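Count residues from 1 along the sequence. All figures in this text were calculated on a predicted structure; none of them were measured in a lab.
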Amino acid sequence: MLAPDAPGFLVNHAGRGLVTEALQILSEGVAEPVDIDRIARDVLGLKMGPCELLDLTGMDVSHPVMESIWTGFYTEPRFRPSRIGRARLEAGLLGRKTGEGFYKYVDGEKQEPAEPGAPATDLRPVWFQEPQHRETLGMLLSEAGVDVEAGDEPSEEAVLLVDAATDMSVASQVGNGLPGERTLGIDGFFGFFDRITLTVQPALAPEAGRAALAALLATGRPVTVVRDAPVAVAPRLLASIVNVGCGIAEQRLASPADIDTAVRLGLGYPRGPLEWGDHVGAERVLEVLEQMHDATGDPRYRPSGWLTERVSLGLPLTETGTAPSDLLS
């Protein structure tokens with residue numbers, strides 16, 4: 001394929017969506033490196049999580065590339081590097097080549113912390129705010145022997161699980177009247193097939209949180225526990241990947257088909273960014289970006305014109321559509 005000269009070339013440019021957002025999540029204290037990597041692998045289906053990838057390439061390689069692409073596009077916020085990258089570079093925490101990065105390495109083998117085990121606590125009833133979660137995750141809990149409440153209001157003993165994928169932070173929902181001491185979030189954006197993400201807000205009582213964790217682990221699924229944020233980890237990572245890919249298409253640095261092919265082959269993603277956006281729904285990706293932009297005011301979440309235009313017109317992200325030259329040929 002042919003592509004015009006641009007900072008980072010096509011594949012490195014497209015790869016900024018994953019690693020820069022992962023470092024942003026880290027800098028906010030939302031999740032630890034192993035949490036982000038497990039979510040990226042099990043929920044998004046990536047072969048390697050972003051922190052593992054940075055350890056593999058080496059921060060002495062990756063951080064200068066991030067700075068080069070960011071300055072090459074005149075400090076475009078979507079490509080903004082993280083202070084974490086610079087700090088780790090200066091500290092010599094480069095990754096595999098130095099024996100320590102986001103992980104420690106012994107004889108070249110990554111030392112990954114164990115998955116959390118079920119806490120020693122009594123199970124409590126679980127109440128879902130979203131009916132669809134009661135029908136999906138609630139079914140798994142019921143099969144595991146957990147009492148799932150079906151009423152419109154939770155009992156006094158129940159732990160409350162609310163959607164933390166895109167609508168609003170759990171803290172905001174607590175502010176709207178839910179009991180903070182027993183309300184947690186779950187990420188249902190991609191379903192609950194291979195990993196469940198549990199979101200904790202500061203007002204939560206630890207015993208209620210442990211009861212919710214024990215209940216979810218009873219389903220046999222691994223559970224990752226993260227801090228509350230306006231949008232869950234997996235949708236943020238995916239939206240950033242899709243938005244950067246849409247930006248490349250918008251700037252006509254490559255065709256949609258070439259962008260997707262380059263990312264699948266060059267980065268090993270299960271789908272290219274544009275076809276991935278179409279797969280989950282471009283309007284859902286736009287919702288994630290708008291929620292993050294509204295909540296943070298950070299221009300890194302400004303949706304690409306390619307994305308907003310195609311959502312408005314009901315067109316796939318993978319289609320170029322009619323251009324002025326089509327009328328003149």
Side-chain angles (χ1 to χ4, degrees), residues 8 11-12 15-70 79-120 187 194-200 206 209-210 213-214 216-217 220-229 232-238 240-241 266-270:
V11 172
N12 275 332
R16 295 316 91 196
L18 175 65
V19 293
T20 57
E21 187 60 22
L23 291 174
Q24 179 66 26
I25 291 169
L26 277 176
S27 71
E28 295 170 9
V30 170
E32 297 299 320
V34 68
D35 300 325
I36 297 172
D37 285 345
R38 286 170 173 166
I39 290 170
R41 292 194 308 261
D42 293 347
V43 180
L44 297 182
L46 296 176
K47 296 177 181 177
M48 183 175 288
C51 299
E52 295 174 294
L53 178 60
L54 290 170
D55 271 4
L56 178 64
T57 57
M59 195 59 76
D60 56 331
V61 174
S62 295
H63 187 74
V65 168
M66 290 185 226
E67 290 191 333
S68 174
I69 293 176
W70 181 60
F79 308 134
R80 187 176 67 234
S82 170
R83 59 175 177 80
I84 291 177
R86 171 56 62 182
R88 287 180 168 270
L89 174 60
E90 294 177 350
L93 299 173
L94 307 183
R96 287 180 180 270
K97 65 182 68 175
T98 58
E100 186 171 359
F102 292 105
Y103 300 88
K104 290 185 178 181
Y105 297 85
V106 177
D107 297 328
E109 293 294 323
K110 181 183 68 173
Q111 306 301 296
E112 182 170 323
E115 295 271 10
D187 174 14
D194 297 311
R195 180 170 294 274
I196 299 169
T197 302
L198 184 65
T199 301
V200 173
R210 287 190 288 268
L213 176 58
L216 293 174
L217 286 171
R221 269 72 172 170
V223 179
T224 294
V225 183
V226 301
R227 189 176 67 79
D228 187 29
V233 172
R236 283 180 65 170
L237 294 175
L238 179 64
S240 183
I241 292 169
L267 297 177
Y269 291 5

Under the salt bridge (Lys or Arg N to Asp or Glu O under 4.0 Å) test, residues paired with Arg38 that sit two or more places apart
Glu112, Glu115
Looking only at heavy atoms, the pair that brings Gly92 and Thr98 closest together is O-OG1, 3.4 Å
Provide the closest heavy-atom pair for Ser240 versus Gly17 in the form atom of the first, atom of the second, distance.
OG-O, 2.7 Å
Would the distance check show the side chain of Ser27 and the main-chain N or O of Gln24 forming a donor-acceptor pair, the cut-off being under 3.5 Å?
yes
May I have all residue pairs that pass salt bridge (Lys or Arg N to Asp or Glu O under 4.0 Å) and include part of residues 44-62, sequence neighbours excluded?
Arg41-Glu52, Glu52-Lys110, Asp60-Lys97
N/O donor-acceptor pair under 3.5 Å between Thr20 side chain and Arg16 backbone
yes
Separation between CG of Leu44 and CG of Leu18, rounded to the nearest 0.5 Å:
8.0 Å
Between CD1 of Ile25 and CD of Glu32, what distance do you get to the nearest 0.5 Å?
12.5 Å
Any side-chain to backbone donor/acceptor pair from Glu90 onto Arg88? Under 3.5 Å, distance only.
no
Taking only residues two or more places apart in sequence or in another chain, which ones pass salt bridge (Lys or Arg N to Asp or Glu O under 4.0 Å) with Asp42?
Arg195
Spell out, as yes or no, whether a donor-acceptor pair under 3.5 Å connects the side chain of Arg80 to the backbone of Trp70.
no
To check you understand the geometry: which heavy-atom pair defines the closest contact between Asp37 and Cys51, and what is its length?
OD1-N, 2.9 Å
Within the structure provided, determine whether Thr197 and Val226 are in side-chain contact (heavy-atom separation under 4.5 Å).
yes
The test is side chain to side chain contact (heavy atoms under 4.5 Å, CB included); show your working for Ser68 and Asn12 and say whether it passes.
CA-CA 11 Å; Ser68 174; Asn12 275 332; over 6 Å; no
Would you call Met66 and Leu54 a side-chain contact if the rule is heavy atoms closer than 4.5 Å?
yes
Check this for me: Glu67, atom CD, are more than 12 non-hydrogen atoms of other residues, nucleotides or ligands nearer than 6.0 Å?
yes
Please report the shortest heavy-atom distance between Val223 and Pro116, naming the atom on each side.
O-CG, 3.4 Å
Give me the atom names and distance for the closest heavy-atom approach of Ala234 to Val43.
CB-CG1, 3.8 Å
Minimum side-chain heavy-atom gap Leu237-Ile36 below 4.5 Å:
yes
Do Val233 and Asp35 have side chains that approach each other closer than 4.5 Å (heavy atoms only, starting at C-beta)?
no
I'd like to know if the side chain of Arg86 and the backbone of His63 have a donor-acceptor N/O pair within less than 3.5 Å.
no
Which residue pairs pass the ring pair (Phe, Tyr, Trp, His ring centres under 6.0 Å) test with at least one member in residues 81-117, sequence neighbours excluded?
none
Any heavy-atom pair between the side chains of Ile196 and Pro222 that's under 4.5 Å?
no
Is there side-chain contact between Thr224 and Leu198, with at least one heavy-atom pair below 4.5 Å?
no
How many angstroms lie between CE in Met48 and CG in Leu267, if you round to the nearest 0.5 Å?
12.0 Å
Residues Ala229 and Thr199: closest non-hydrogen pair is N-CG2, 4.5 Å
Taking salt bridge (Lys or Arg N to Asp or Glu O under 4.0 Å) as the cut-off, I'd like each qualifying pair that reaches into residues 18-30, sequence neighbours left out, listed once.
Glu21-Arg236, Glu21-Arg300, Glu28-Arg236
With Asp194 via salt bridge (Lys or Arg N to Asp or Glu O under 4.0 Å) - residues at least two apart
none
How about CD on Gln111, more than 12 heavy atoms from neighbouring residues, nucleotides or ligands closer than 6.0 Å, or not?
yes
